[in-house]
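This one's a predicted model, so the numbers in the text were calculated from it and none came from an experiment.
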Amino acid sequence: MTTPSIPGFTEHRVTVDDGVTLHAAVGGAGDPVVLLHGFPQTSLMWRHVAAELSADHTVICPDLRGYGASDKPAETGPDVYSKRTMARDVVRLAAALGHDRFTLAGHDRGALVAFRAAMDHPDAVARALFLDVLPTLDMWDALSGVNGAVGFHLYLMAQAPGLPEEMIQGAADTFFGYFLDAWTKDPDALPAEVRAHYLAASAAAVPSIVADYRASAGVDVDHDAADKDAGLKLAMPVTVLQQDWGAALGYHAQGLWSAWTDDLRHRTVSCGHFMAEEDPGLIASEIRALADR
């Protein structure tokens with residue numbers, strides 16, 4: 001099966017760390033926008049949004065470390081898949097492509113990487129947009145009691161190496177397919193060839209995907225907590241688009257995000273979790289509006 005790609009974009013491989021090269025699709029011309037994918041996906045999730053934005057922006061869509069066609073280093077320590085390390089990858093990738101300052105948008109796991117990039121590299125991240133996520137520290141606090149069942153995968157992949165990898169590898173298509181089915185309101189947004197690509201890419205990356213999630217139950221919490229204790233905030237304009245999970249889980253999403261920034265636009269959307277594919281026109285317009293500020 002031919003791997004789907006973003007029409008009109010060129011494929012790049014850029015070394016960002018010792019032994020780590022990222023795959024990225026790049027297209028368009030103009031002020032740069034970097035788009036980071038979520039789970040269980042690859043940079044292909046941005047195919048519609050990227051095509052729209054490329055009319056007036058240079059658009060960079062990488063596969064994160066450990067995902068898709070990017071390298072998947074072994075988890076030799078907690079920092080290998082920390083969001084701090086993955087954020088540094090993204091900043092180095094953009095710089096290697098000639099962009100020292102850019103608008104950054106992320107979905108799901110990519111939004112957590114984007115959050116850390118914006119916290120650690122405010123000189124590089126001019127504006128930030130986050131899709132359907134809470135900062136790591138707030139996410140764990142929100143998943144309390146029986147409401148935590150919606151995040152069962154977070155707890156599974158937080159376990160020590162061995163058990164989660166073996167369980168997921170034993171039924172990879174079932175595991176990853178569950179999220180593709182359960183988290184979308186419009187199944188047509190994920191056509192068969194795209195869904196097959198996500199399943200194949202995820203099955204080939206089980207150890208690194210688990211390592212990414214494991215870091216979010218450890219070192220990533222430590223980094224967020226240290227920033228919160230120091231009173232640090234995001235220094236750039238921020239847009240957050242989310243489903244209305246707050247009513248179900250008992251938290252006020254806009255209030256949680258407001259604690260991290262003094263310049264916030266927060267909007268609740270009606271589509272499912274995979275909003276860049278379910279409503280790409282809305283997402284593209286929100287990114288463009290932010291990038292043009």
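- Ring pair Trp183/His153: centre-to-centre distance below 6.0 Å.
- Between Asp89 and Leu22, some side-chain heavy-atom pair lies under the 4.5 Å cut-off.
- Between the CG atom of Leu35 and the NE2 atom of His37 there is a distance of 11.0 Å, given to the nearest 0.5 Å.
- A salt bridge links Asp212 with Arg109: the closest approach of a Lys/Arg side-chain nitrogen to an acidic carboxylate oxygen falls below 4.0 angstrom.
- With rounding to the nearest 0.5 angstrom, the OG1 atom of Thr103 is 9.5 Å from the CG atom of Leu129.
- In terms of heavy-atom proximity, Pro122 sits nearest to Met236 at CA-CE, 4.0 Å.
- Panel note: side chain Thr85, backbone Val80; no donor-acceptor pair is recorded below 3.5 Å.
- One N or O on the side chain of Ser208 and one on the backbone of Gly66 form a donor-acceptor pair closer than 3.5 Å.
- Counting heavy atoms of neighbouring residues, nucleotides and ligands inside a 6.0 Å radius, atom CG of Asp31 does not exceed 12 of them.
- Checked for salt-bridge contact, Glu278 and Lys185 miss the test: no charged N lies under 4.0 Å from a carboxylate O.
- Between the side chain of His252 and the backbone N or O of Gly255 there is at least one donor-acceptor pair closer than 3.5 Å.
- Here the side chain of Arg127 pairs a donor or acceptor atom with the backbone of Arg293 at under 3.5 angstrom.
- In this pair, Trp257 and Phe130 present their aromatic rings parallel. The plane angle is below 30°, not in the 30 to 60° band.
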For the pair Leu93 and Ile60, evaluate side chain to side chain contact (heavy atoms under 4.5 Å, CB included) and give the outcome as yes or no after the intermediate values. CA-CA 9 Å; Leu93 169 72; Ile60 302 168; 4.1 Å; yes

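- Remark: the backbone N or O of Val133 is paired with a side-chain donor or acceptor of Gln242 at under 3.5 angstrom.
- Two residues are said to be in side-chain contact when any heavy atoms from C-beta on lie closer than 4.5 Å; Gln41 and Phe274 meet this criterion.
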Intermediate values then yes/no, salt bridge (charged side-chain N to carboxylate O under 4.0 Å, His left out), Arg84 and Asp79: CA-CA 8 Å; Arg84 173 157 288 161; Asp79 290 325; over 6 Å; no

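- Rounding to the nearest 0.5 Å gives a distance of 11.5 Å between CG of Leu190 and NE2 of His197.
- Ring centroid separation for the pair Phe39 and Tyr213 comes in under the 6.0 Å cut-off.
- Between Asp71 and Arg13, at least one side-chain nitrogen of the basic residue sits less than 4.0 Å from a carboxylate oxygen of the acidic one, meeting the salt-bridge criterion.
- Between Val59 and Val26 there is no side-chain heavy-atom pair separated by less than 4.5 Å.
- Side-chain atoms of Val16 and Thr21, non-hydrogen and from C-beta on, never get closer than 4.5 Å to each other.
- Taking the six-membered ring for Trp and thresholds of 30 and 60 degrees, Phe179 and Phe175 have ring planes more than 60 degrees apart, a perpendicular arrangement.
- Asp222 contributes atom CG, which lies 9.5 Å from atom CG of Leu137 (distance to the nearest 0.5 angstrom).
- For Trp140 and Tyr155, the ring centers are positioned less than 6.0 Å apart.
- Within the 4.5 Å cutoff, the side chain of His23 has heavy atoms near those of the Ser70 side chain.
- Inter-residue side-chain proximity for Ile287 and Trp46 is flagged as met; some heavy-atom pair is nearer than 4.5 Å.
- Between Leu44 and Tyr198, the closest heavy-atom pair is C-OH, 3.7 Å.
- Two residues are said to be in side-chain contact when any heavy atoms from C-beta on lie closer than 4.5 Å; Arg92 and Val14 fail this criterion.
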Derivation and outcome, side chain to side chain contact (heavy atoms under 4.5 Å, CB included), residues Arg88 and Arg116: CA-CA 9 Å; Arg88 186 185 64 203; Arg116 180 46 50 195; over 6 Å; no

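- Glu52 meets the salt bridge (charged side-chain N to carboxylate O under 4.0 Å, His left out) test with Arg288; sequence neighbours excluded.
- Taking CE of Met45 as the reference point, atom CG of Asp63 lies at 11.5 Å (rounded to 0.5 Å).
- Closest approach of Asp224 and Pro135 over heavy atoms only: OD2-C, 4.1 Å.
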With side chain to side chain contact (heavy atoms under 4.5 Å, CB included) as the criterion, how do Gln254 and Ser258 come out once you've worked through the C-alpha distance, each side chain's angles and the decisive distance to 0.1 Å? CA-CA 6 Å; Gln254 184 171 354; Ser258 294; 4.1 Å; yes

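- In terms of modelled atom types and a separation under 3.5 Å, the side chain of Thr261 and the main chain of Val238 share no donor-acceptor contact.
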Begin from the C-alpha positions of Phe176 and Ile168 and carry the test side chain to side chain contact (heavy atoms under 4.5 Å, CB included) through to its verdict. CA-CA 9 Å; Phe176 295 115; Ile168 294 168; 3.9 Å; yes

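- Hydrophobic clustering of Ile, Leu, Val, Met, Phe, Trp and Tyr side chains at less than 4.5 Å, counting indirect connections, keeps Val219 apart from Met119.
- When all heavy atoms of Val221 and Ser216 are compared, the closest pair comes out as CG2-O, 3.4 Å.
- Formation of a donor-acceptor pair under 3.5 Å by the Tyr81 side chain with backbone atoms of Pro73 is found in this model.
- Counting only N and O atoms by type, the side chains of Asp108 and His273 include a donor and acceptor under 3.5 Å apart.
- Heavy-atom minimum distance, Ala291 versus Val33: CB-CG2, 4.3 Å.
- Residues Arg195 and Asp181 are paired through a salt bridge, judged by an N-O separation under 4.0 Å between the basic side chain and the carboxylate.
- Not one N or O on the side chain of Ser202 forms a donor-acceptor pair closer than 3.5 Å with the backbone of Leu199.
- Residue Pro62 comes nearest to Ser43 through the heavy atom pair O-CB, 3.5 Å, listed as atom of the first residue, atom of the second, then distance.
- Leu180 has its side chain within reach of Pro40: a pair of non-hydrogen atoms, C-beta onward, lies under 4.5 Å apart.
- Arg47 CZ to Thr42 OG1: the interatomic distance, rounded to the nearest 0.5 Å, is 9.0 Å.
- Without hydrogens or angle criteria, Arg214 side chain to Pro78 main chain gives no donor-acceptor distance under 3.5 Å.
- Contact check on Asp262 versus Lys233 returns a salt bridge, with a Lys/Arg side-chain nitrogen under 4.0 Å from an Asp/Glu carboxylate oxygen.
- A donor-acceptor contact closer than 3.5 angstrom is absent between the side chains of Thr268 and Gln243.
- Side chains of His48 and Glu277: a donor-acceptor N/O pair is absent below 3.5 angstrom, by distance only.
- Under a 3.5 Å cut-off, the side chain of Arg101 and the backbone N or O of Asp123 do form a donor-acceptor pair.
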